[in-house]
Amino acid sequence: MPEIPEVTRRLLLGGALAGGAAAAGLGTAQAAVARNRPDGPADVSPRRAPGRKSMINVPFDEHRTVRVGVIGLGNRGSGMTEGWSAVPGCTVTAVCDIRADRARRVADRLASQGRPRPTEYGGSDDAYTRMLRREDVDLVYIATPWEFHHRQGGDALRAGKHALVELPVATGLEELWDLVDTSERTRRHLMLAENCSYGRNELAMLRMAHDGLFGDLTNGHGGYLHDLRELLFSDTYYTDAWRRRWHTRSTASLYPMHGLAPIAAAMDVNRGDRLTTLRATATEPRGLADYRERFVPRSHPSWKETYVNGDLVTCLIDTAKGRTIRAEHDVSSPRPYSRINSLAGSRGIFEDYAGTSSTGGRIYVEPDHSGHTWRDFDAYRKEFDHWLWTKIGDDAENNGGHGGMDYVLQWRTVQLMRAGLVPDIDVYDAAVWCSPIPLSAQSLAAGGRPVRIPDFTRGAWVNRRPGLDTRPSEMPPVP
Ligand SMILES: NC(=O)c1ccc[n+]([C@@H]2O[C@H](COP(=O)([O-])OP(=O)(O)OC[C@H]3O[C@@H](n4cnc5c(N)ncnc54)[C@H](O)[C@@H]3O)[C@@H](O)[C@H]2O)c1
């Protein structure tokens, strides 16, 4: 990377300050524990301000085209920018990174692909606020380090834009509430860019659950189990090692959403059920220090760090309907990748990442199966394939990362905005799916005691409504 000492210094400072605040959010957990314990007050949801209304079931205004502004052009943001520009009826009008050279590189690449050249913003940590003043940005996609998401997502809403924010939308409970309040006040949607919720197996699992294949759902198990050790210690991957630094700050489940969200969707969380309590366990932090000992030279800056986050952090979550969800997070141990995706009920069970079939899943449901033996998932995946995958699966596999689910997320987001539909994933889903981050910190700080999970919908969770399991619909023709 070219020498940009001033920018680097400010980014580091911004990172340290924002990270410190976020860590403090986790750290002040103890104070919140008292009022957030199951034996504490029954209602932990702040009242909605007078005159404010929910964003549940609020459709987008119809957009002829969707004009996207991107903040954060590292590994994720630069790849996703190409995905946005490939979706019919979508244009990337502006790109921003604190490192101006990254904005230039992404703009150059889009132009070389024959796409309209986006305007570049960069050079300071608040350059994105200038981008937010543009009239020709409808949707802001945010792919910066976690510590910036709350501020940038809120700023996008306050500027009158809709926001699609990478995981997590925020790391503290107060920040999550603030995003809910800001979305309601500004009447703009803030969505979590939860691409795995659009995975082909995850959506088939959702449809099987809703079709009653598993009987009454009783439990689910998901996670983010990804050996990131090499990337965490790389000097060229995560900018300024932002992700490794989170492991020096707090003991918490830092990123459980990819595994939790599809299970919560199948259980109709916020749409008939809700997450009520969470208790967390954490193993000792061993993996990162052990890796550093074996593979990282003593001169490396990481040797000044102490890793405090447990390698495997497990959240055990109860729902109002008496179901349980186990959500795991481990990025610091040697192991093959898995999001687990297991869902079970009175009539059967599905498990992903387990079978030898081409779809990678295995299943056992009555009355189809008996004899205590797992069966191949492939025929079920075909039968319960979500309409999004039968419609655009080929485009997705050609255009997007992560097996195509990134493109499905992007195509669907653009379709929702162009057709004036209700978001599949709203601010309430985003908030509750990210809440295990601060809540696991609270629970662990209290010796693993259960803590209450706030009801971000303020009571509306009892109402059934579609989420990701929608009826087929068309992308409006490109003007
Ligand atoms: N959904 C997924 O599958 C998926 C996959 C990878 C990453 N992510 C998420 O994407 C986000 C980014 O991860 P990454 O791997 O791309 O990290 P990265 O370090 O490669 O990129 C982050 C970028 O943000 C820029 N940035 C920092 N502060 C900024 C500011 N104030 N204004 C503008 N730009 C700023 C940095 O310069 C950098 O280019 C994270 O939230 C991560 O969790 C999601």
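Atom set for the values below is all heavy atoms of this structure, side chains included, hydrogens, waters and symmetry mates excluded. As the structure lists them, so they are numbered: ligands from 1, and atoms in each ligand from 1.
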Check: of D240, L192, N195, min heavy-atom distance to atom 3 (O) of ligand 1 comes from N195
Suppose I only count heavy atoms of E166 and a 4.0 Å limit; which atoms of ligand 1 are within that range? 1 (N), 2 (C), 4 (C), 8 (N), 9 (C), 10 (O), 41 (O), 44 (C)
Considering only residues two or more places apart or on different chains, which pairs with a residue in residues 114-138 satisfy ring pair (Phe, Tyr, Trp, His ring centres under 6.0 Å)? none
Structural part of E194 in contact with ligand 1, heavy atom criterion under 4.0 angstrom: neither
Proximity to ligand 1 by part of L73, non-hydrogen separation under 4.0 Å: backbone
Can an N or O of D406 be found at a distance shorter than 3.5 Å from an N or O of ligand 1? no
For atom 34 (N) of ligand 1, which of I98, V106, V70, V95 has the closest heavy atom? I98
If I apply the N/O under 3.5 Å rule, does C96 come out as touching ligand 1? no
Nearest non-hydrogen contact with atom 24 (O) of ligand 1 belongs to which option: G401, C196, P145, G74? P145
Which of the atoms in ligand 1, numbered in the order shown and given with their element, are less than 4.0 Å from a heavy-atom of W242? 13 (O), 17 (O), 18 (P), 19 (O), 40 (C)
Taking non-hydrogen atoms only, is R76 closer than 4.0 angstrom to ligand 1 via side chain, backbone, both or neither? both
Under 4.0 Å from one or more heavy atoms of Q152, ligand 1 contributes atoms 30 (C), 31 (N), 32 (N)
Side chain, backbone, both or neither: which part of T239 comes within less than 4.0 Å of ligand 1 when only heavy atoms are counted? both
Report the C-alpha separation of V169 and E175 in whole Å, then their side-chain angles, then the decisive distance to 0.1 Å, and conclude whether the side chain to side chain contact (heavy atoms under 4.5 Å, CB included) test is met. CA-CA 9 Å; V169 294; E175 296 174 340; over 6 Å; no
Are R249 and W246 in a cation-pi contact, defined as NZ or CZ under 6.0 Å from the six-membered ring centre and within 45° of the axis? yes
Positive for side-chain hydrogen bond (donor to acceptor under 3.5 Å, both in side chains) with R67, one of T93, D138, D136, T91: D138
So, T251 side chain and G310 main chain: donor-acceptor pair closer than 3.5 Å or not? no
Considering all heavy atoms of both residues, which atom of K161 and which atom of L132 are nearest to each other, and what is their separation? CE-O, 3.2 Å
Step by step, work out the side chain to side chain contact (heavy atoms under 4.5 Å, CB included) result for R99 and T239. CA-CA 10 Å; R99 291 170 162 75; T239 313; 3.2 Å; yes
For Y198, which residues count as a ring pair (Phe, Tyr, Trp, His ring centres under 6.0 Å) partner, sequence neighbours excluded? none
Regarding atom 40 (C) of ligand 1: of the candidates T144, I71, D126, V165, which has the closest heavy atom? T144
